[in-house]
Amino acid sequence: MHDLRMIREAPDRFDQGLQRRGLAPLSAHILDLDSRRRAAQTALQEMLTRRNAVSKQVGAAKRSGEDADALIAEVQNLKDGIADNEASEKALDAELVELLEGLPNLPADDIPDGDGEDDNREVRVEGEKTAFDFEPKEHFDIGEALGQMDFGAAARLSGARFVVLRGALARLERALAAFMLDLHTQEHGFNEIVTPVLVREEALYGTGQLPKFAEDLYRTADDYWLIPTAEVTLTNMAADGILDEGDLPSRMTAWTQCFRSEAGAAGKDTRGMLRQHQFSKVEMVCVTHPDNSDAELERMTGCAEEVLKRLGLPYRVVVLCTGDMGFGARKTYDIEVWLPGQGTYREISSCSNCGDFQARRMKARYRPRGEKGTRFVHTLNGSGLAVGRTMIAVLENYQNADGSVTVPEALRPYMGGLERIALDAPVA
RNA sequence: GGAGAGAUGGCAGAGUGGUAAUGCAGCGGAUUGCUAAUCCGUGUACCCGAUAGGGUACCGGGGGUUCGAGUCCCCCUCUCUCCGCCA
């Protein structure tokens with residue numbers, strides 16, 4: 001949600017931001033609605049002031065036994081005007097909110113313009129692409145050959161875009177999540193949280209998935225929604241609250257299941273577990289002071305990268321262009337891991353600074369020291385990392401010619417010391 | 001699923017038609033060798049105003065009655081307690 005005062009003060013800057021997002025200028029229309037709404041509000045308030053004053057006199061008159069009919073008649077005469085102004089203020093406000101809540105966040109100054117993925121800018125490349133003396137396979141071939149990744153069983157249970165894991169691969173999912181959570185909580189200062197995955201509509205409004213992107217989400221018959229990411233629950237922990245400045249930054253992490261309908265992705269990544277309706281992810285969220293969110297984005301991206309470094313997975317970082325960035329973000333880094341089976345880099349994490357865009361929607365504020373009033377916090381979210389995709393990356397980068405997969409050193413303590421996942425791998 | 005109770009500011013907690021007590025915490029200020037204590041101020045959002053200042057709304061949400069609603073009426077949501085079922 002955008003700040004009306006900012007639009008009033010810098011309408012050109014607002015329109016330029018919209019234009020970079022590929023949208024037509026709207027400040028003139030918004031400011032017209034805004035000034036008409038304020039005029040109605042002011043007129044209403046003046047009538048209410050009068051009504052309150054006269055009502056007081058009525059009370060005083062009645063107490064002293066005087067006749068109050070003339071005063072009562074005066075208030076009666078105000079009623080139509082009050083009702084009219086109240087109605088038009090409400091209508092104009094609703095129109096304004098409906099317009100504003102559908103607009104995406106404005107892009108940061110330092111991100112590239114562009115229409116889509118091809119215009120993202122590579123920031124850095126880490127690690128050498130894994131070399132093989134055989135033709136590396138894709139993860140689904142490896143997993144199915146190991147007998148531990150079963151798409152057929154999942155299809156019988158649920159349909160397309162689900163997977164069943166068994167044995168060492170099932171444990172690998174848990175090992176990866178535990179490794180990531182330990183790293184973020186013990187070394188990166190995040191607080192581990194367990195949240196619901198079923199939420200009410202308001203939570204999804206706060207982070208910006210609703211009302212615009214309902215078709216991407218699953219919803220239950222009794223009107224709960226399944227979270228597409230723990231960003232929703234972790235960020236909304238700050239909703240409707242006023243934090244003390246000393247409580248910032250608040251860094252949280254959670255391992256949850258995520259649910260996405262993938263409505264717009266028909267035919268894309270249909271094989272394997274790259275794009276699933278249900279997957280698990282370790283999410284990082286940070287609620288910061290407005291002055292610190294830019295630095296925090298760099299820090300958070302580094303936290304996600306550290307997972308890949310410790311797992312020995314090659315990757316690159318790209319900064320998203322205006323056309324590829326999500327609704328609530330003002331700046332986003334994607335981390336793309338090298339997948340030798342596919343021979344390409346694929347997204348494994350996305351770290352975004354949302355500025356005060358989500359905070360404004362969910363009324364998340366803090367109280368500045370030595371200042372009157374409150375200010376909106378800034379919110380950031382990032383995957384640290386998507387567990388299923390990390391498994392894909394481990395399988396493809398650590399595969400051996402004989403079809404087995406070497407367990408990365410960092411994961412062995414979490415796998416009961418297991419060094420290789422093979423056809424007959426003990427579950428340990 | 002059945003029965004009942006409740007929702008008031010950061011927290012606690014009064015308030016059954018006359019315009020939100022009080023306590024605690026936090027923050028700002030005063031006082032003070034230091035600390036403690038004490039005293040004063042301080043809810044949130046919005047509108048008008050160059051400023052000083054003035055005003056409106058908000059007692060879970062939405063409607064209604066009334067000159068006037070935290071208080072009365074209607075609808076909804078949520079929370080809690082007991083019983084039943086249940087991981």
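Letters A, B, ... are given to chains in the order of the sequence lines, protein chains preceding strands, and every chain is numbered from 1.
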>> Between C1' on B/C58 and CD on A/E89, what's the gap in Å once rounded to a whole number?
In response: 13 Å
> Side chain of A/T42: nearest nucleotide among B/C48, B/G55, B/C67?
Replying inline: B/C48
> Under a 4.0 Å N-O cut-off, is there an ion pair linking A/R330 with A/D294?
Replying inline: yes
> Base, sugar-phosphate, or nothing: which does A/R8 touch, judged by heavy atoms less than 4.0 Å apart?
Replying inline: sugar-phosphate
>> From CZ of A/R360 over to P of B/A45, roughly how many Å is that when rounded to an integer?
In response: 12 Å
>> I need the CD-P distance between A/E201 and B/C78, as an integer number of Å.
In response: 12 Å
>> Strictly by Watson-Crick or wobble contacts shorter than 3.5 Å, is anything paired with B/G43, and which nucleotide is it?
In response: B/C58
> Contact class for A/L71 (heavy atom, under 4.0 Å): base, sugar-phosphate, or nothing?
Replying inline: nothing
>> Heavy atoms only, 4.0 Å cut-off, all strands: where does A/K90 land among base, sugar-phosphate and nothing?
In response: sugar-phosphate
> A/R365 CZ to B/G43 P: how many Å, rounded?
Replying inline: 14 Å
> In whole Å, what is the span from the CD atom of A/Q41 to the C1' atom of B/C46?
Replying inline: 6 Å
> How long is the line joining CG of A/D240 and P of B/G10, in whole Å?
Replying inline: 11 Å
> So which one's nearest nucleotide on RNA chain B is more toward 5', A/A73 or A/R38?
Replying inline: A/R38
>> Strictly by Watson-Crick or wobble contacts shorter than 3.5 Å, is anything paired with B/A87, and which nucleotide is it?
In response: none
> Looking across every strand, which nucleic acid part, if any, lies under 4.0 Å from A/R50 by heavy atom: base, sugar-phosphate, or nothing?
Replying inline: nothing
> Where the side chain of A/L48 is defined as all heavy atoms beyond and including C-beta, which of B/G55, B/A57, B/C67 is the nearest nucleotide?
Replying inline: B/A57
> Is B/C80 paired to anything, Watson-Crick or G-U wobble with both distances less than 3.5 Å, and if yes, which nucleotide?
Replying inline: B/G4
> If you pin A/I72 and A/D244 to their nearest nucleotides in RNA chain B, which one's is more 5'?
Replying inline: A/D244
>> Within the 4.0 Å heavy-atom criterion, would you say A/V58 contacts the bases, only the backbone, or no part of the nucleic acid?
In response: base
>> Given B/C46, B/U44, B/G18, identify the nucleotide with an atom nearest to the side chain of A/I242.
In response: B/U44
>> For B/U44 and A/R367 - does any side-chain N or O of the residue sit under 4.0 Å from the phosphate oxygens OP1/OP2?
In response: yes
>> Heavy atoms from C-beta onward define the side chain here; which of B/G18, B/U66, B/U44 lies closest to that of A/T374?
In response: B/U44
> Contact class for A/Q57 (heavy atom, under 4.0 Å): base, sugar-phosphate, or nothing?
Replying inline: nothing
> What is the distance from CG of A/D69 to P of B/C67, rounded to the nearest Å?
Replying inline: 11 Å
>> I need the CD1-C1' distance between A/I82 and B/A57, as an integer number of Å.
In response: 13 Å
> What nucleotide among B/A57, B/U66, B/G18 has an atom nearest to a side-chain atom of A/K79?
Replying inline: B/U66
> With the threshold set at 4.0 Å, does a side-chain nitrogen-carboxylate oxygen contact exist between A/R20 and A/D113?
Replying inline: yes
>> Suppose we define a pair by two distances each less than 3.5 Å, Watson-Crick or G-U wobble; what does B/G9 pair with here?
In response: none
